[in-house]
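What follows is a short report on a single structure.
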Amino acid sequence: MQELSLRIIELIAAIPAGQVATYGQIAAMAGNHRAARQVSRVLHTCTSKYQLPWHRVIGAAGKISIPKDQPGYTKQKKKLEEEGVLFGLGDTIDLNQYRWSGHNK
DNA sequence: AATGTGACTACCC
DNA sequence: AGGGTAGCCACAT
C-alpha cells in the first residue's frame, strides 16, 4: 500500500497555521524517517490537487529548502510570516517554538 | 524499459 | 567537524 505517500499527504494537510514541520518529521510520522524526499515529491505533485500548505514544510535546519533564486522562496517566507511564523537571523525559523508536534493520531 | 534525479535526512567514516 | 552514502519512490528522459 502506498500508505506512506497517503499519510504524508494527510499529515501535511493537518499542519496547523502558524506552525511548521520538517520533511524528516513528516516522514517519520508517516512511518519512514528516511522518506523525507518523498515528502518533497508529494509537495510538488499534490499541492495543486489537494491544496496542501506546502509553505509550512521546511528543512530540518529550520530553513526554507528552496534556492533564493526561485520565487517560491520569498513567497513561502511571506506566507509563513503572515501566519505568525517569524524568521530569525539568516532567515531561519525557530523550530523549538514553531515546530508542529503532531502527536494527535 | 532502464537509468537518473530531486523542496531531504540520518548515519557512518 | 566534515564529507560521503544509503534509503524512499514518482516522474523525466
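Throughout, a chain's letter reflects where its sequence line sits, starting with A, and its residues are numbered from 1.
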Rounded off to whole Å, could you give me the [atom1]-to-[atom2] distance for the [X] and [N] pair?
X	N	atom1	atom2	result
A/Lys63	B/dT9	NZ	C1'	15 Å
A/Leu95	B/dT9	CG	P	10 Å
A/Ile64	B/dC8	CD1	C1'	15 Å
A/Gln76	B/dA7	CD	P	13 Å
A/His44	B/dA7	NE2	C1'	5 Å
A/Ile66	B/dC8	CD1	C1'	13 Å
A/Asp69	B/dA7	CG	C1'	14 Å
A/Asn32	C/dC9	CG	P	6 Å

(message) Are the side chains of A/Gln38 and A/Arg41 in contact, using a 4.5 Å heavy-atom criterion?
(response) yes
(message) Evaluate A/Gln76 against A/Trp54 for side chain to side chain contact (heavy atoms under 4.5 Å, CB included), listing each step before the verdict.
(response) CA-CA 8 Å; A/Gln76 175 169 19; A/Trp54 61 274; 3.8 Å; yes
(message) Measuring from the side chain of A/Ala36 (C-beta onward, heavy atoms only), which nucleotide among C/dC8, B/dA7, B/dT9 has the closest atom?
(response) B/dT9
(message) Within this structure, what is the CD-CG distance for the pair A/Gln25 and A/Leu11, rounded to the nearest 0.5 Å?
(response)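 One gets 9.0 Å once the value is rounded to the nearest 0.5 Å.
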(request) Working to the nearest 0.5 Å, report the span between CD1 of A/Ile12 and CZ of A/Arg56. (result)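 Output value for this atom pair is 11.5 Å.
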(message) Are A/Leu6 and A/Ile15 linked, directly or through intermediate hydrophobic residues, by side-chain heavy-atom contacts shorter than 4.5 Å (ILVMFWY only)?
(response)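 Cluster IDs for A/Ile15 and A/Leu6 differ.
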(message) Under the criterion side chain to side chain contact (heavy atoms under 4.5 Å, CB included), I'd like the reasoning laid out for A/Val20 against A/Leu95: C-alpha separation, chi angles, the key distance, then a yes or no.
(response) CA-CA 8 Å; A/Val20 297; A/Leu95 290 178; 4.2 Å; yes
(message) Between A/Tyr50 and A/Val42, is the side chain to side chain contact (heavy atoms under 4.5 Å, CB included) condition met? List the steps.
(response) CA-CA 10 Å; A/Tyr50 300 82; A/Val42 167; over 6 Å; no
(message) Suppose you measure atom P in B/dA1 against the same atom in C/dC8; what distance do you get, rounded to whole Å?
(response)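 These two P atoms come out 23 Å apart once rounded.
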(request) Quote, to the nearest angstrom, the P distance that separates B/dA7 from C/dG2. (result) 25 Å
(message) Return whichever of A/His33 or A/Pro67 has its heavy-atom-nearest nucleotide of DNA chain B closer to the 5' end.
(response) A/Pro67
Kindly give the atom pairs (protein nitrogen or oxygen, nucleotide nitrogen or oxygen) under 3.5 Å for nucleotides 10-12 of chain C.
| residue | atom | partner | partner atom | Å |
| --- | --- | --- | --- | --- |
| C/dA10 | O4' | A/Arg41 | NE | 2.7 |
| C/dA10 | O4' | A/Arg41 | NH2 | 3.3 |
| C/dA10 | O3' | A/Arg41 | NH1 | 3.4 |
| C/dA10 | O3' | A/Arg41 | NH2 | 3.0 |

